[in-house]
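To find a chain, count down the sequence lines: A is the first, B the second, and so on, and within it residues start at 1. Computed over heavy atoms, backbone and side chain alike; hydrogens, waters and symmetry mates excluded.
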Amino acid sequence: MLDQRFDPAEAEPRLYKAWEDQGCFKPSGDTSAQAYSIVIPPPNVTGVLHMGHALNNTLQDVLIRFERMRGKNVLWQPGTDHAGIATQMVVERKLAQDGNQDRRSMGRDAFVDRVWEWKEESGGAIVGQLKRLGASCDWSKEAFTMGDRNDPDNSMMRAVTKVFVELYKKGLIYRDKRLVNWDPHFQTAISDLEVDQREVPGHYWHLRYPLADGVTYMHPVKDEDGNVVDQEMRDYIVVATSRPETMLGDTGVAVHPEDPRYAGLIGKFVELPIVGRRIPIIADEYADPDKGSGAVKITPAHDFNDFEVGKRAGHTPLNILNATAHIVDGGEADEAGIPAEYRGLERFEARKKVVEAFEAAELLQEIENLKIEQPFGDRSNVVIEPWMTDQWYVDAKTMAEPAIAAVKDGKTKFIPENWEKTYFNWMENIQPWCVSRQLWWGHRIPAWYDEDGNAYVALSEAEAQAEAGPDKKLVQDEDVLDTWFSSALWPFSTQGWPDKTPDLDTFFPTATLVTAFDIIFFWVARMMMMSLEFMGEVPFKDVYIHALVLDEKGQKMSKSKGNAMDPLELIDEYGADALRFTMGRMAGQGRNIRLSKQAVEGNRNFATKLWNAARFAEMNECGAPGEIDFGKIESPVNRWILSELTQCAADVTKGIEDYKFNEAAGALYKFIWNTLCDWYLELIKPLLAGMDDAAKQETRMVCGYVLDESLKLLHPFMPFVTEELWDRRAEGRAADKGFLMHQSWPSIEVFTDEAASNEINWVIDMITELRSLRNDLGVPAGTKLPLTLVNAGAEIENRAMTHEDVLKRLARLEDISMTDTTPDGAVTAVIGETMSALSVADIVDIDEARKRLDKELAQLDKDITSTEKKLSNEKFVSRAPAEIVEENRERIVDWTARREKLKVARKGLEGL
RNA sequence: GGGCGGUUAGCUCAGUGGUAGAGCACUACGUUGACAUCGUAGGGGUCACAAGUUCGAACCUUGUACCGCCCA
């Protein structure tokens, strides 16, 4: 006997373990079947499961379980990525907490060992969390972007090295000195995408740069409204900056070539305060006449725009910051002419001191308070500095071309389609991809330098040495590769590439990538580029972009806002099935998900409802019949539920195939709750309790069958409760057929029986309307009333007699009788097409009965009038499709007949 | 500045041209040997606004307003 309710906390771990122990997640290996593969977007090895993961992996698991049941040879490839900065950060922090040496004093090898130890002990917690969610990944193939520490020859490592070397040989990787986003905290370059542009309160300092050589000019003076009222003579030019300390590295001042105010100054010089350097005033369209003073200081070594301006003007960038964002010392400081008291100052200290110096020299014109956009490292939360360094770059522009073409040609499709635009927009404006990072945790760059600084890029040190010649002393590049460089290879590196393996043959390219939009740039684009370059094929046919999970108020969840919901807490409280089904029901295309606890609770209730339906089946000996022959089913209610079931199967299948998860989940919810539980189980109760053994047997069989098929259809969304019920119901099943997750997906052929549907829908309408009438009249819930049908006609009378038990039970009727004349002392109503009289005697509110009829009559009058008007419109009749016109005509007929009967009923109430 | 999306019941959202829907919340009533994590019934909407196309618009077009997000 089933318990009163499902206990997810007990059942879920047990079921997951059973699946895993039996190897249920491995591909079937059936090579005659179509292969279907998904690679998981590898979560950070430092990560913990958040709502985004929960959604992302639920949807993947729905697809995977669905296709597995459809008989495909299915692989869901799991794994984690090594998350260069994040992991290094975690381990460094841990070292500090434990009072150990920092990484620099312990040395590179020892530190990297320490990171591996951390990874093995506490990394990958998220894997266990994915299991709690029910993810049916093939864990025997779990991969890691850094490969296997104990196997230096592992393919994940070799893949990265091979790709780097080959791209270098093709000229698609090169070394260059450019500005990068420099994180002074981690002392590494980071990508644009790891930089958060945040709007913060800041200042514009308006600085006066004195003109050199005694030059003066007339500058317009404006009044409060901005009108020019006067001219004044100036011996300085004003520049505005939010970073005054960078002036130490200024190489010029730019004005717009067509700005009349400064036309005479172009080619003149200013004498840079503090450092005393003479720098030119140049014309460049970058200077915006409407912004600030219209003149802008140029610091090529510390600003991306200035870098370009400086290049155009032929300036040599002057670097004034070191790797920790302190003012330089030594040769570089000498070159820039930086006074001793500024050297070695931290950047914000230097800023303060520069401003003070300008103030003291009466060169500080104004401090404007305003919001400024400032770049922050998304991991370090410190202000990022544009900084000149030598880095390795991938020629992304060249590699993007085939990746753009592949989507244009439809080889890879985005769903929803409009994300293509985002992809194209980014790909078409792609910048060189800086792939080197000044970290220790990651794939070491396979480049060696001789003493003259010549680089040798090779698969191994020995090869590099061979290339350089025996006399050269080589040193390997200190840097590692960007984590995304290795995850870009994920769809094929996880399948054994560069070796030619059966898995690679079978599971590459993958079927679908499931991800959120924010990773299109990070990852999708890069996988496209790398797969096309090295495999000659797109990595996946479909890219399904799902929503973000927001809180109830529609805000992004974040730890700092404190509005984050923990999926594991929700799983603890309501079960993984409830969370998954909630995600599925809300995963409509192109819309974000606002998650609330209430929603999850509602879906937990849905699981309980299903559980109790199974309990009902158990109590009534509705076993597990396996396949049944629809042709032999006789009773209308059973034929009706089979047609509803098959329609549901078709809808669920279509929904998942089209990535319309909400439609699939919605169809299941509606079928199981509103059709199966609310009606079918109620309608069959008299049959199950009745004396007709044949009907009873048939009903038991159909009920059991429908329940089992429902479990199959629901399984991809709610794997645990369905598997548990499948197992608990196994007793009646002919043979042990194993796990539900390995059953065949139901057929999508829809079984229809219009006559049965009409009959059952009549019963349902009858009951609904009688209940509504009783409620409106204020009939006490427990009171049984006699019902009389007046002039109902043979078909209706037959139906009423056939379904007498059900009608009596569900509409609380004393009995049902037929008559030709309206009985006295009864309240009459029109139910369906039938005048019906409920003998309610004095227990009802006759006023309410009249009101009810008046209301309905008024509504009918309105509907009839407006439809008549429509039909009298010649244009409607001539232009609208014939079936629509016909439909409206039929409506009029039906409504008019109903109105006549209502009028009679209303008249009957006059005397009461 | 460029792009994308949204605006439908108190809330969260379905609804791609033909009688406005669901879940939650709310109100009333609870009886039936699956289920109170439940059942039955009910109230509640100028589909943001304006103009247009159409026999007919929540849906198509244009514009406006407001709200998100992405990119620069």
Side-chain angles (χ1 to χ4, degrees), chain A residues 1-2 4-6 192-193 197 304-305 373 416 418-422 424-426 429 517-518 520-521 547-548 550 552-556 574-575 578 582 585-586 588-599 601-620 622 660 662-663 665-666 669-670 673-674 676-678 681-682 685-686 688-689 703 707 767-784 808-812 859 862-863 866-867 869-881 883-885 887-888 891 895:
Chain A
M1 177 75 187
L2 290 173
Q4 280 225 301
R5 55 184 69 103
F6 178 58
D192 287 350
L193 301 166
Q197 294 292 341
F304 289 98
N305 290 310
E373 288 276 319
N418 49 327
W419 288 109
E420 278 183 4
K421 285 187 186 167
T422 306
F424 289 139
N425 190 275
W426 194 73
N429 296 296
F517 77 88
D518 50 357
I520 292 177
F521 315 125
L548 296 179
L550 308 175
E552 286 166 281
K553 292 177 206 134
Q555 302 195 314
K556 269 191 185 175
Y574 300 111
T582 305
R585 284 186 76 193
M586 295 177 109
Q589 287 185 7
R591 199 127 180 176
N592 288 333
I593 292 178
R594 295 195 192 186
L595 191 69
S596 68
K597 234 177 144 167
Q598 253 182 351
E601 186 182 348
N603 290 310
R604 186 273 319 265
N605 295 351
F606 174 64
T608 307
K609 190 77 183 174
L610 173 71
W611 183 265
N612 277 291
R615 222 168 148 252
F616 171 84
E618 183 183 40
M619 289 171 173
N620 288 283
C622 302
K660 293 184 175 168
N662 59 326
E663 290 183 9
Y669 187 93
K670 205 165 172 259
W673 200 316
N674 302 114
L676 182 63
C677 292
D678 285 352
L681 296 186
E682 294 304 329
K685 279 176 181 172
L688 293 171
C703 178
L707 194 56
I767 291 164
T768 306
E769 294 192 55
L770 282 166
R771 282 169 170 172
S772 177
L773 178 61
R774 289 173 58 105
N775 250 283
D776 285 353
L777 297 183
V779 179
T783 309
K784 292 186 176 178
K808 278 162 76 175
R809 182 190 176 96
L810 299 182
R812 301 300 288 164
Q859 185 60 44
K862 217 174 114 191
D863 290 345
S866 78
T867 305
K869 202 175 145 199
K870 202 190 251 188
L871 283 166
S872 65
N873 181 345
E874 206 177 298
K875 282 181 175 170
F876 172 71
V877 177
S878 60
R879 297 196 191 175
E883 73 229 41
I884 296 293
V885 177
E887 202 178 297
N888 277 278
R891 254 179 236 160
W895 286 342

Whole Å only: how far is the [atom1] atom of [X] from the [atom2] atom of [N]?
{"X": "A:Glu663", "N": "B:A14", "atom1": "CD", "atom2": "C1'", "answer": "9 Å"}
{"X": "A:Arg812", "N": "B:G30", "atom1": "CZ", "atom2": "C1'", "answer": "11 Å"}
{"X": "A:Trp426", "N": "B:C4", "atom1": "CH2", "atom2": "C1'", "answer": "18 Å"}
{"X": "A:Leu548", "N": "B:G68", "atom1": "CG", "atom2": "C1'", "answer": "11 Å"}
{"X": "A:Leu681", "N": "B:A34", "atom1": "CG", "atom2": "P", "answer": "9 Å"}
{"X": "A:Glu420", "N": "B:G3", "atom1": "CD", "atom2": "P", "answer": "18 Å"}
{"X": "A:Met619", "N": "B:C35", "atom1": "CE", "atom2": "C1'", "answer": "9 Å"}
{"X": "A:Phe424", "N": "B:C4", "atom1": "CZ", "atom2": "P", "answer": "14 Å"}

In whole Å, measure the gap between the [atom1] atoms of [N] and [M] for me.
{"N": "B:A72", "M": "B:A9", "atom1": "P", "value": "36 Å"}
{"N": "B:U54", "M": "B:C71", "atom1": "C1'", "value": "39 Å"}
{"N": "B:A57", "M": "B:C66", "atom1": "C1'", "value": "23 Å"}
{"N": "B:G10", "M": "B:C26", "atom1": "C1'", "value": "8 Å"}
{"N": "B:A20", "M": "B:U8", "atom1": "C1'", "value": "9 Å"}
{"N": "B:C47", "M": "B:C38", "atom1": "P", "value": "33 Å"}
{"N": "B:A50", "M": "B:A65", "atom1": "P", "value": "15 Å"}
{"N": "B:A28", "M": "B:G33", "atom1": "P", "value": "26 Å"}

Self-check item: Protein proximity profile, nucleotides 37-42 of chain B - base contact B, sugar-phosphate-only contact S, no contact -, cut-off 4.0 Å on heavy atoms
Solution: BSSSSS

Quiz item: So do A:Leu2 and A:Arg615 actually touch side chain to side chain, heavy atoms under 4.5 Å?
Solution: yes

Quiz item: Do other residues, nucleotides or ligands put more than 12 heavy atoms under 6.0 Å from A:Lys808 NZ?
Solution: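 More than 12 within 6.0 Å, yes.
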
Quiz item: Any luck finding a side-chain donor-acceptor pair between A:Asn603 and A:Thr582 under 3.5 Å?
Solution: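 Yes, because at least one side-chain N or O of A:Asn603 sits under 3.5 Å from a partner of the opposite role on A:Thr582.
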
Quiz item: Between the side chains of A:Asn605 and A:Glu601, does any donor sit under 3.5 Å from an acceptor?
Solution: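 Their side chains do not contain a donor-acceptor pair, so the 3.5 Å distance test is not met.
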
Practice problem: State which residues pass ring pair (Phe, Tyr, Trp, His ring centres under 6.0 Å) with A:Phe6; sequence neighbours excluded, sorted by chain then number. | Solution: A:Trp611

Quiz item: Would you say the side chain of A:Lys670 and the base of B:A14 hold a donor-acceptor pair, judged only by whether the two atoms sit under 3.5 Å apart?
Solution: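 Answer no: no donor N or O sits under 3.5 Å from an acceptor.
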
Quiz item: Is any side-chain N or O of A:Gln4 under 3.5 Å from a base N or O of B:A36, one able to act as donor and the other as acceptor?
Solution: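 There is none.
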
Quiz item: Counting side-chain heavy atoms from CB outward, which of B:G23, B:A34, B:U32 is closest to A:Lys685?
Solution: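 Among the listed nucleotides, the one closest to the side chain of A:Lys685 is B:A34.
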
Exercise. Could you check which of B:U32, B:C24, B:U31 has an atom nearest any side-chain atom of A:Gln598?
Key: B:C24

Exercise. Look at all strands and tell whether A:Glu874 reaches a base, only sugar-phosphate, or nothing, counting heavy atoms closer than 4.0 Å.
Key: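 If one applies the 4.0 Å heavy-atom cut-off, A:Glu874 turns out to touch nothing in the nucleic acid.
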
Practice problem: Give one of base, sugar-phosphate or nothing for A:Asn873, where a contact means two heavy atoms less than 4.0 Å apart. | Solution: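 Sugar-phosphate contact only - A:Asn873 comes under 4.0 Å of backbone atoms but never of a base.
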
For the pair [X] (side chain) and [Y] (backbone), establish whether a donor and an acceptor sit closer than 3.5 Å, ignoring hydrogens and angles.
{"X": "A:Asn425", "Y": "A:Lys421", "result": "no"}
{"X": "A:Asn888", "Y": "A:Ile884", "result": "yes"}
{"X": "A:Asn620", "Y": "A:Cys622", "result": "no"}

What closest approach, in Å, do [X] and [Y] show between heavy atoms, and which atom pair accounts for it?
{"X": "A:Arg812", "Y": "A:Gly782", "result": "NH2-O, 3.6 Å"}
{"X": "A:Leu681", "Y": "A:Ala613", "result": "CD1-CB, 3.8 Å"}
{"X": "A:Lys870", "Y": "A:Phe876", "result": "O-CD2, 3.4 Å"}

Quiz prompt | 5'-most by nearest nucleotide on RNA chain B - A:Asn662 or A:Ala617 | solution = A:Asn662

Quiz item: If each of A:Leu676 and A:Lys421 is mapped to the nucleotide of RNA chain B with the nearest heavy atom, which maps nearer the 5' terminus, i.e. the 5' end?
Solution: A:Lys421

Quick test: give all pairs of protein nitrogen or oxygen and nucleotides 18-21 of chain B nitrogen or oxygen below 3.5 Å, distance rounded to 0.1 Å.
none

Quiz item: Taking only residues two or more places apart in sequence, or in another chain, which ones meet A:Glu682 in a side chain to side chain contact (heavy atoms under 4.5 Å, CB included)?
Solution: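 For A:Glu682 the side chain to side chain contact (heavy atoms under 4.5 Å, CB included) partners, ignoring immediate neighbours, are A:Lys685, A:Leu810.
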
Quiz prompt | salt bridge (charged side-chain N to carboxylate O under 4.0 Å, His left out) involving A:Arg891 - partner list, sequence neighbours excluded | solution = A:Glu887

Quiz item: Given pairs defined as Watson-Crick or G-U wobble with both distances under 3.5 Å, what dot-bracket annotation applies to RNA chain B, with ( ) intrastrand, [ ] crossing, | other strand and . unpaired?
Solution: ((((((((.[[[[.)..(..]]]].(((((.......))))).....[[[[[..)....]]]]]))))))).

